[in-house]
Amino acid sequence: MGRNRELPRGYTPGTMEEKWYAFWIRKGLFEAEIDTDVDGRRRPPFSIVIPPPNVTGSLHMGHAFNNTFQDIMCRTRRMQGYNVLWLPGTDHAGIATQNVVEKDLATKGLTRHDLGREAFVEKVWEWKKIYGDRIVTQMKKLGNSCDWRRERFTLDAGLSCAVREVFVQLYKKDLIYKGKYIINWCSRCHTALSDLEVEYDEAPGKFYYVRYPFEDGAGEVTVATTRPETILGDVAIAVHPRSEQFKHLIGKKVRVPLTGDGGAESLRLIPIIEDNMVDPEFGTGCVKITPAHDPNDFLVGQRHDLPQLQVIDGEGFMNENAGAYKGLSVKEARERAAEDLEKGGFLIRTEDIRHAVGHCQRCSTVVEPCLSEQWFVRAKPLAERGVKAVQDGLIRWIPEQWEKTYFQWMENIRDWCISRQLWWGHRIPAWICADCGHVTVSATDPTECESCKSANITQDEDVLDTWFSSALWPFSTMGWPEKKPELEYFYPTSLMVTGFDIIFFWVARMIMMGLEFMDAEPFKDVYIHSLIRDEHGQKMSKSRGNVIDPLDMIEKYGADALRMALAALSTQGRDILLSSGRIETYRFFMNKLWNAARFALINLSDEAEAIDPGQLRLQDRWILSRTQEIVESETRLIDEYNIGEAARLLYDFIWGDFCDWYLEMSKPALHGEEGEARKKTVQGILDEVFRTLLPLLHPYIPFVTEELWEAFGYSNEERESIMQTDWPLPKGGYRFDAAEVRETMRNFQETVRVLRNLRAEAHVAPQQWMNKAVIRMDRPEFVAMLKETLPMTTLLCRVKEIEVLPASSPRPHASLSSVIGEGEISLHVGDVLDLDAEIARLKQELLSVEKTVAVSRGRLEKPDFVARAPQEVVEKERTRVAEGAAQITRIQENLKSLSG
RNA sequence: GGGUGAUUAGUUCAGAGGUAGAACGCUUCCUUGACACGGAAGAGGCCAGAGGUUCAAUUCCUCUAUCACCCACCA
């Protein structure tokens, strides 16, 4: 069979991982073809598109977890006979990448403007070529089973074509428009941002209470503002229409402080208007309106047809409309305005407050709300379809709770600003005519204005938000707008795996775009996983210095250990706290598995031995039935995407049940102490269990399982890898009355534990053999179990002779004893018996038994319980009381004889 | 202001309507036929608090407290 009977003593990942990855690629095992099975049927498809990482990025734990999850699903489905496509790729990541390259230029004292647009973009492409492969290499190290032939990049030719097509179609449907609106402006990145790209942080600020005198100088209104520099852009004062205090002022005019060229008369005049947005309870009840620099004020301005007076430019400096303030930065202008207000007698008082300030997601610069001409996607109609698709059950959120988050956002969606004033990205396919001003939007580069036929047209300078192209990812990667067969076969994809932080950025937008352009949901299931944090629950970040690099971990512990750790630590709906120590735990598990395999291989013959059902003993029936249970549980848990539970179950089963109990119990048979027939059967069982477990483990720890699969000699010409699609996941073979087998085994384990415990109590050295133990027991099935397992008990507890007697037999002398069931186990210790210690221990035991009996009695005394609880539960309590009573009597007798 | 999640052993977390489990750490012992990256035996928990549903609640429901996170235009 070609078994490798001499595995090295310890498991070392070493070069093994590289070897197997190359093997998988060479065999084309990850390649998805739209093929048919032997009967000419198409195999069911299972497809995932990877969340594309930033092309210049480096693999972090978040990726590692996200990818491991997908790989586990893909590998499992592949073995289950699905035709699996896991489509990989990377994202051009507009702002992020441009920033990185600009930073690099800055070290040479250059800006992108020194290079010019074309040369700069060329430079970014070079950068992409250098770093783009890095993250792909890293994903391979993790073991990702992606179809690399199909790798895509959001800026490659095919995807760019899709982006243009989508833009043009949306424009034609009036779902994309250009307009002058207030947007979020990052003065460092020099670009507009969408609402999502602004992060709000609480920051200390000041409330300035400012006096606005009436036109005639008789009286004033007071307004509270956090941004006095924007007073220069004020065009109105608003009050609530039903405000008793202020409504009589509506229509009057006030003068704007800080304006004019000296003297009260030169101050600009603005009207007092009414608007519902004013909260009469907040601040002074009067609000200054600056439509060009505040989103709310912008809306008020629209409603009241107010002018939009811009006083801050795109660089974050005051412009010509700011009069004497021109050229000052926003910060300087604010300080200066405060001083001037004070000097001019307009400042009543200031108040320290904390308020939310928007920052750029990419560079943390304070974001200015700013009036600007930008492109927008009209989101509402798209979102309505997106909501309906989920309501209709086309898309399932897992865990379900995220559905609510999604609905809430979609129902309150606002138009999406998609133009960015960057150079790195998809250039907007719109051409402006210098002669007639008409905008020509076209999928192919036009040569003339579609309106006046002038050739004097120039393309819009802006590029699209990165997320615009990401939104198309599930279908653009499969060749859309061309009608490719894979698009039809693999779309909608089966599953999307991602973190909750990009539900709005990405998931919601993919749903909207997929429904709009494919007329079908982009994925059937969307699994939202939690975030990876450090062991103290802190977000991992370079500045905190608490980053655990997955590549370091792979180097140190192996990819399998990292993957198993990530899988086993994952739970639905809770962050994962990771430390290198936790990964080490799973490294130890690899070693355990390895050595269990090593033990099996040492003891297996070169031939596969058949299991003789007539030779099966308790432990054999137990491990076979447990293995069967594990197969069933794994299948179910994977279908529920509960990989955490699935991984932990395998861990516990292998370490606890298989190694600690079964392997120990298999030793006498394997060493021929139970006869040749037993030896062969136990060999057959070891073979069977490994043959079942290795494929089950494979999705989590692909490298070591492949290595062991080979060592067991399971590979052959037709079946070169457990990954191959004609090697379905095991269904398990032997069936026993699992409950009965389990219960009997539990009694056996309990007996062993009690005896070992008595040994420990007597301070007997582990290697020392005890002479005799007596088990007094009446229950027939328990007695039968004891008789069957006697040699095993003897071995595991190191007692030369174990006698099973009726429960009523006299208590043996010079023994330690402990109750079990309604019976008792006594271990002969001879002179070593420490009377006082034994009495103390028995008293302890008595107390605990009395307590459980009291609880059960209490229950049984309640008529309702007996009447309404299920029969088996009542029966259980009765057994407990009966056993307990017997135990109490025994312990008391023991105590009496010891003290007497 | 709205929403979501969490609260269980020293720590990090599983868990299920019927007397609480793991890992790491801790104590004692052991190099015994795969594994010291190991084995055996232990200690350690009124499962956040208060109500309710139920024969039975740590588990389901409501409220409270504390801690996270998300969304929202409070100037």
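Per chain, numbering begins at 1; letters A, B, ... match sequence-line order. Values reported hereafter were calculated over all heavy atoms of this structure, with side chains retained and with hydrogens, waters and symmetry mates removed. Here the structure is a predicted model, which is why all the values come from computation and not from measurement.
Across all strands shown, A40(B) forms a Watson-Crick or G-U wobble pair, both distances under 3.5 Å, with U28(B). Across all strands shown, G45(B) has no partner, as no Watson-Crick or G-U wobble contact with both distances under 3.5 Å is found. If you check C60(B) for Watson-Crick or wobble pairing at under 3.5 angstrom, you find it paired to G52(B). Base-pair partner of U7(B): A65(B) (Watson-Crick or G-U wobble, both distances under 3.5 Å).
The distance from atom CD of E6(A) to atom C1' of A34(B) is 14 Å, rounded to the nearest whole Å. Residue E202(A) contributes atom CD, which lies 15 Å from atom C1' of C70(B) at whole-angstrom precision. Atom CD in Q401(A) sits roughly 16 Å away from atom P in C69(B) (whole-Å rounding). Rounded to an integer number of Å, the gap from F505(A) CZ to C70(B) P is 11 Å. With rounding to whole Å, I231(A) atom CD1 is found 16 Å from A75(B) atom P.
Comparing T585(A) and V752(A), the nucleotide of RNA chain B nearest to each residue sits closer to the 5' end for T585(A).
A donor-acceptor contact under 3.5 angstrom links the side chains of D275(A) and H304(A), judged on distance only. A donor-acceptor contact closer than 3.5 angstrom is absent between the side chains of D560(A) and Y700(A). In summary, the side chains of S530(A) and D575(A) do not present any donor paired with an acceptor at a separation below 3.5 Å, with no hydrogens or angles considered. A side-chain donor from one of S194(A) and E197(A) sits under 3.5 Å from a side-chain acceptor of the other.
If you check every strand for non-hydrogen atoms under 4.0 Å, W655(A) touches sugar and phosphate atoms only. Residue-level contact check: F589(A) touches neither bases nor backbone, having no heavy atom under 4.0 Å from any strand. Residue contacts for N757(A): at a heavy-atom cut-off of 4.0 Å it reaches the sugar-phosphate backbone alone, with no base atom in range. Contacts of E645(A) with the nucleic acid, taken as non-hydrogen atoms under 4.0 Å apart, involve only primed sugar atoms and P, OP1 or OP2. The residue S856(A) sits close to a base: some heavy atom pair falls under 4.0 Å. Contacts of D660(A) with the nucleic acid, taken as non-hydrogen atoms under 4.0 Å apart, involve only primed sugar atoms and P, OP1 or OP2.
Between C55(B) and R868(A), a contact under 4.0 Å exists linking OP1 or OP2 to a side-chain N or O. At A23(B), none of the side-chain N or O atoms of R582(A) fall inside 4.0 Å of OP1 or OP2 (strictly under the cut-off). For the OP1/OP2 pair of A14(B) and a distance below 4.0 Å, the side-chain nitrogens and oxygens of T571(A) include at least one atom meeting the criterion.
Between F500(A) and W402(A), the ring planes lie parallel to each other; the angle is under 30°, not in the 30° to 60° tilted range.
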